[in-house]
Amino acid sequence: MAAKIKVGVLGATGMVGQRYIKLLEDHPWFEVTYVAASPRSAGKAYKDAVANRWLIGAEIPSGVQNLIVEDANDASKAIGKCSFVFSALEMGKEEIKALEAAYAAEGIPVVSNASANRWTEDVPMLIPEINYAHLDVIAEQKKHHGWDKGFIAVKPNCSLQTYMMPIYALQQAGYPIKRMVVTTLQATSGAGYPGVPSFDMIDNIVPYIGGEEEKTEKECLKILGKVENGKIVNAAGPLVSATCTRVPVIDGHTATVSLEFDLPDDKKPSLAEIEKVWTSFTSVPQELDLPSAPVHPIVVRHEENRPQPRRDRETEKGMACVIGRLRECPVFDVKFVALSHNTKRGAAMGGILNAELLKAKGFLS
């Protein structure tokens with residue numbers, strides 16, 4: 001069996017960093033050999049750095065417990081200890097942007113969960129089933145910066161995972177979408193730890209998440225865009241109107257979606273045709289049999305009261321988009337409810353799937 005690729009986790013003591021470490025415990029391709037966090041954690045054994053704040057459940061993986069935490073601000077510390085890093089950094093956007101570039105400059109690819117580089121024109125913002133072709137921009141990114149082996153690839157905002165695959169599948173099937181109204185019901189874990197105060201969440205819904213609506217409305221256009229002249233050019237549509245709310249659920253983002261097709265009435269798909277598109281959808285991660293890829297990326301349920309976070313977020317090990325309540329819309333054309341696991345597909349496991357795609361396409365060794 002081939003040796004595993006050595007990987008590092010930046011922001012390893014935070015909630016997303018911990019999730020990376022747990023999910024990578026038995027990964028067939030990757031092995032955590034390097035952990036880095038803030039200066040206050042540097043110099044401690046990992047198990048001591050997260051003492052009394054290990055949030056993931058079960059035990060800290062034995063292979064990571066005694067790794068010494070390094071200062072994430074010093075990219076040179078990672079040289080020779082890992083082949084690439086997952087970035088789960090929690091700091092200001094400009095600080096993250098500079099630090100991720102520092103790792104790339106040292107020849108260490110960065111697979112990032114952070115939002116700092118999502119709008120950088122030559123940085124792919126990946127959902128592997130959708131915009132795998134955006135990997136083509138990495139060569140131009142490396143040339144632009146003068147990087148040899150290093151580069152940066154990011155994942156999008158977690159709330160987009162609830163509806164982007166079904167939207168893309170319809171577009172690919174020849175049913176272009178003109179506009180959409182999306183309301184998200186986002187889990188508290190999306191706010192990190194300690195997150196939203198319990199007094200605000202118990203017996204309550206918070207109808208505002210800072211910056212979330214802008215991300216929901218705009219990031220989809222980059223994901224659906226094309227690589228032109230070494231840059232990612234955003235798609236012209238669909239037009240999205242979003243309302244983002246925080247609800248008292250631990251894990252699992254839900255979205256209600258109403259959409260209008262950009263087609264004459266006699267060319268619009270029936271509900272049965274839409275469901276067939278979704279249930280038959282597969283893409284490159286399934287073709288490559290990537291370890292974290294769901295066999296069925298889109299799962300449709302027919303119960304009138306599904307999907308539900310507690311019942312459905314672990315579908316396909318937390319990597320599927322689960323859809324229910326597909327029906328006609330009296331204002332637009334159709335509407336439905338969608339669910340995804342925000343700390344798996346929407347965070348660490350989504351980042352791991354990005355890395356698996358990068359490895360399979362020859363970007364990581």
Side-chain angles (χ1 to χ4, degrees), residues 9-23 37-38 40-41 49-50 52-57 72 86-97 112-119 125 127 154-164 182-220 242-256 307-310 312-314 318-319 321 338-352:
V9 179
L10 310 181
T13 59
M15 189 172 186
V16 175
Q18 291 181 26
R19 179 75 71 178
Y20 267 119
I21 285 167
K22 188 61 182 174
L23 290 172
S38 66
R40 67 178 177 272
S41 296
V50 296
N52 301 317
R53 56 191 183 99
W54 176 254
L55 304 168
I56 305 305
F86 291 105
S87 172
L89 293 166
E90 299 175 6
M91 54 178 68
K93 284 189 178 182
E94 291 306 313
E95 293 175 285
I96 292 174
K97 203 168 185 177
S112 181
N113 269 63
S115 64
N117 275 298
R118 286 180 187 161
W119 287 107
M125 181 165 59
I127 297 178
V154 304
K155 59 167 294 301
N157 190 46
C158 54
S159 65
L160 272 73
Q161 313 288 340
T162 55
Y163 65 86
M164 279 304 300
V182 178
T183 300
T184 66
L185 298 86
Q186 296 182 214
T188 56
S189 57
Y193 182 82
V196 185
S198 59
F199 190 84
D200 290 333
M201 287 314 309
I202 296 173
D203 189 34
N204 202 25
I205 293 173
V206 180
Y208 173 74
I209 306 171
E212 204 76 1
E213 290 168 2
E214 294 82 356
K215 296 173 186 176
T216 302
E217 292 173 352
K218 301 300 182 185
E219 287 186 13
C220 59
T243 301
C244 295
T245 70
R246 187 76 69 193
V247 297
V249 170
I250 295 174
D251 287 319
H253 285 355
T254 302
T256 63
Q308 297 177 18
R310 278 173 51 190
D312 299 309
R313 61 193 170 207
E314 295 292 345
M319 290 296 283
C321 172
L339 169 75
S340 67
H341 197 307
N342 60 296
T343 64
K344 289 188 176 179
R345 167 60 86 156
M349 191 171 277
I352 293 169

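The figures that follow rest on heavy atoms only: side chains count, while hydrogens, waters and symmetry mates do not. All residue numbers refer to positions in the sequence shown, counting from 1.
Using modelled atom types, one side-chain atom of Thr188 and one backbone atom of Val249 make a donor-acceptor pair closer than 3.5 Å. The main-chain N or O of Pro156 is never found under 3.5 Å from a side-chain atom of Glu219 such that the two would form a donor-acceptor pair. Side-chain atoms of His253 come within 3.5 Å of backbone N or O of Ala187 as a donor-acceptor pair. For Lys93 (side chain) and Ser115 (main-chain N/O), no donor-acceptor pair under 3.5 Å exists by modelled atom type.
Scanning both residues, Asp200 and Val206, for their nearest heavy atoms gives O-CG2, 3.9 Å. Taking each heavy atom of Gln186 and Arg246 in turn, the nearest pair found is O-CD, 3.3 Å. Here the closest non-hydrogen pair linking Ala88 and Gly17 is CB-N, 3.7 Å. Between Val50 and Gln18, the closest heavy-atom pair is CG1-NE2, 4.2 Å. Heavy-atom minimum distance, Ser41 versus Ala37: CB-CB, 4.1 Å. Ser189 and Thr343 make their closest contact through OG-CG2, 3.4 Å (heavy atoms, listed as atom of the first residue, atom of the second, distance).
Between Asn113 and Phe86 the shortest side-chain heavy-atom distance does not fall below 4.5 Å. Proximity of Arg53 to Thr13: side-chain heavy atoms (C-beta onward) are separated by under 4.5 Å at one or more points. Looking at Arg19 and Met349, their side chains never come closer than 4.5 Å, going by heavy atoms from C-beta outward. Side-chain contact between Arg118 and Asn157 is present, with heavy atoms from C-beta onward closer than 4.5 Å. Taking the side chain as every heavy atom from C-beta outward, Asn342 and Gln161 never approach each other to under 4.5 Å. No side-chain heavy atom of Thr254 sits less than 4.5 Å from a side-chain heavy atom of Pro307. Inter-residue side-chain proximity for Thr216 and Cys244 is flagged as met; some heavy-atom pair is nearer than 4.5 Å.
Atom-to-atom distance recorded for Lys344:NZ and Asp251:CG is 8.0 Å, nearest 0.5 angstrom. Distance OG1/Thr162 to CG/Leu339: 8.5 Å, rounded to 0.5 Å. Atom CZ of Arg313 and atom OG of Ser340 lie 12.0 Å apart (nearest 0.5 Å). Note that SG of Cys220 is 9.5 Å distant from CD1 of Ile127, once rounded to the nearest 0.5 Å. Once rounded to the nearest 0.5 Å, the distance linking CD of Glu90 with OH of Tyr193 reads 12.5 Å. Distance CG/Leu185 to OG1/Thr243: 10.5 Å, rounded to 0.5 Å.
For CD1 of Ile250, the number of neighbouring non-hydrogen atoms (other residues, nucleotides, ligands) closer than 6.0 Å is 12 at most.
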